[in-house]
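Heavy atoms only: backbone and side chains are in, while hydrogens, waters and symmetry mates are out. Indexing begins at 1, ligand by ligand and atom by atom, following the structure's order. Quick caveat, the model's predicted, so the values are computed rather than measured.
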Amino acid sequence: MRFDIVSVFPEFFSVLDLSLVGKAQERGILDVQSHDLRDWTDDPHRTVDDTPAGGGAGMVMRPDIWGTAIDSLMESSQGRRGSRTILAIPTPSGVPLTQRTCERLAQEASQIIIACGRYEGIDARVSEHYSSVGIEVLEYSLGDYVLNGGEVAAVALVEAVGRLLPGMVGNPESLVEESHGAAGLLEYPVYTRPQTWREQAIPPVLTSGNHGVTARWRRDRAIEKTAARRPDMMRQLDSASLDKLDKRKLASLGWLVPAQADHPVPMNARVARAEDIASVAELAAATFPDAAPDYLSDVSIQAFIAENLTPDTFTTYIHSPDWLTMVLVDPCGRIVGYTLSLVPESDGVAGRDEGAPVDAVVGNKARKGPLVELSKFYIAESWRGSGASTMLFNATRVALLERTGEWEEPYLWLGTNARNKRAQKAYKALGFERVGKRTFTVGEQDNSDVVFARLLRMA
Ligand code: SAM
């Protein structure tokens with residue numbers, strides 16, 4: 001691979017004689033030549049720029065000088081077998097340089113000519129001309145900021161492409177898990193000795209010798225870092241590359257992977273507001289029948305909905321201090337899940353007459369504080385299995401903890417139909433224990449419910 005870098009400051013590129021790029025040059029993997037653009041001028045002042053056509057501040061680099069320089073560098077490479085020249089022009093108005101582009105250049109190019117602009121940049125006809133004669137022109141940007149010249153961007157391109165060439169990096173394994181690699185994630189944080197530095201120890205998992213646990217820990221940290229720093233990368237993550245534990249981690253960070261979706265989507269779990277009333281009532285009416293056992297008649301189901309799940313009842317719930325309504329909202333603003341909780345006053349019991357497990361002991365701990373009722377918990381069908389219930393439940397728990405204040409051991413309880421095994425499994429996965437039974441009336445029909453409870457505070 002040969003790089004020809006053209007600049008008005010060719011001495012800048014002595015940095016490329018150092019480190020890995022320098023060694024690769026000595027070993028013949030890379031050949032980096034820097035050239036002074038002024039060598040192609042023909043006036044005594046060695047002028048490379050002129051005033052901008054149409055007026056304005058600054059100076060623009062002349063196309064005729066650049067054209068002569070680029071032609072002569074291309075000629076010098078022509079005739080070499082399999083040669084493929086790419087003209088790279090750094091510019092803040094270019095496409096962002098990515099690892100994918102660097103990988104492609106490392107595979108395809110035999111010569112990369114880098115034209116470093118200065119002042120207001122290079123006359124636009126240079127790029128247009130070489131594209132029109134079939135040369136690939138890559139106008140690339142290092143990022144959304146403006147440098148004084150293209151030299152730093154040229155060095156970046158040489159390093160980023162050069163390190164992907166065979167033989168360049170001693171251990172090619174070190175390229176595999178890097179940021180912007182095939183996983184589409186930023187790299188996990190890395191550590192080395194000393195074991196403790198300024199009172200900070202290396203995370204114990206990394207010295208445990210357990211490779212599986214270490215790999216999981218690293219992947220979770222990579223997901224966390226990417227979610228926090230690069231939501232744009234999260235939106236591009238390939239759903240097919242995510243396992244169950246990845247999805248759980250994503251859900252804890254506010255990202256869900258709905259069935260059939262190619263990429264994760266950012267979700268928002270929040271307290272319901274007045275403007276949500278119609279949508280929550282609609283979702284409640286649509287999801288309630290899903291959880292009903294076969295023997296319940298349509299008449300009973302509709303009677304229950306008409307009495308308990310109307311816009312009017314949700315208006316009461318949303319405005320009452322006794323109730324907490326939480327909603328899960330997709331990126332388009334659609335409500336795809338909700339919870340409705342009844343919060344008793346002080347350390348009281350919500351739903352005492354509805355079968356609240358007043359004396360149950362859960363997680364070997366006796367209740368010291370309020371017994372909150374999770375009265376409704378529904379997720380739209382298309383979002384089931386995406387982690388939506390975990391996300392909404394966690395947000396509900398956090399909001400309830402804020403409402404229940406400083407009590408030592410508040411509990412949360414719920415009743416669910418004894419035949420609804422899917423719901424029971426889901427509640428167990430959310431840390432609930434089965435603690436009893438109750439009868440629950442829908443319309444005119446009695447139902448056998450199982451009663452679950454868990455500590456509110458337990459993670
Ligand atoms: N007037 C230009 C504009 O607004 O797009 C900026 C010219 S800049 C002052 C001078 C040169 O610095 C550019 O021609 C380019 O070579 C280089 N440069 C500046 N910012 C860059 C970036 N973010 N990425 C790549 N090259 C950059």
Taking only heavy atoms of [X], which atoms of ligand 1 are found under 4.0 Å from at least one of them?
{"X": "Gly143", "result": "23 (N)"}
{"X": "Gly121", "result": "14 (O)"}
{"X": "Gly117", "result": "11 (C), 14 (O), 16 (O)"}
{"X": "Ala153", "result": "25 (C), 26 (N)"}
{"X": "Tyr119", "result": "7 (C), 8 (S), 9 (C), 10 (C)"}
{"X": "Tyr140", "result": "25 (C)"}

Under 4.0 Å from atom 4 (O) of ligand 1, do we find at least one protein heavy atom? no

Say whether [X], considering both its backbone and side-chain N or O atoms, lies within less than 3.5 Å of an N or O atom on ligand 1.
{"X": "Leu147", "value": "yes"}
{"X": "Glu120", "value": "yes"}
{"X": "Val146", "value": "no"}
{"X": "Tyr145", "value": "yes"}
{"X": "Cys116", "value": "no"}

One residue to check: Ser141. Relative to ligand 1, which of side chain, backbone, both or neither has a non-hydrogen atom less than 4.0 Å away? both

Ligand 1 versus Asn148: contacting region, heavy-atom distance under 4.0 Å: backbone

Separation between CZ of Arg397 and CG of Leu392, rounded to the nearest 0.5 Å: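 Output value for this atom pair is 12.5 Å.
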
Could you tell me whether Phe13 and Phe3 have their ring centroids closer than 6.0 angstrom?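 No, the ring of Phe13 stays outside the 6.0 Å limit from the ring of Phe3, centre to centre.
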
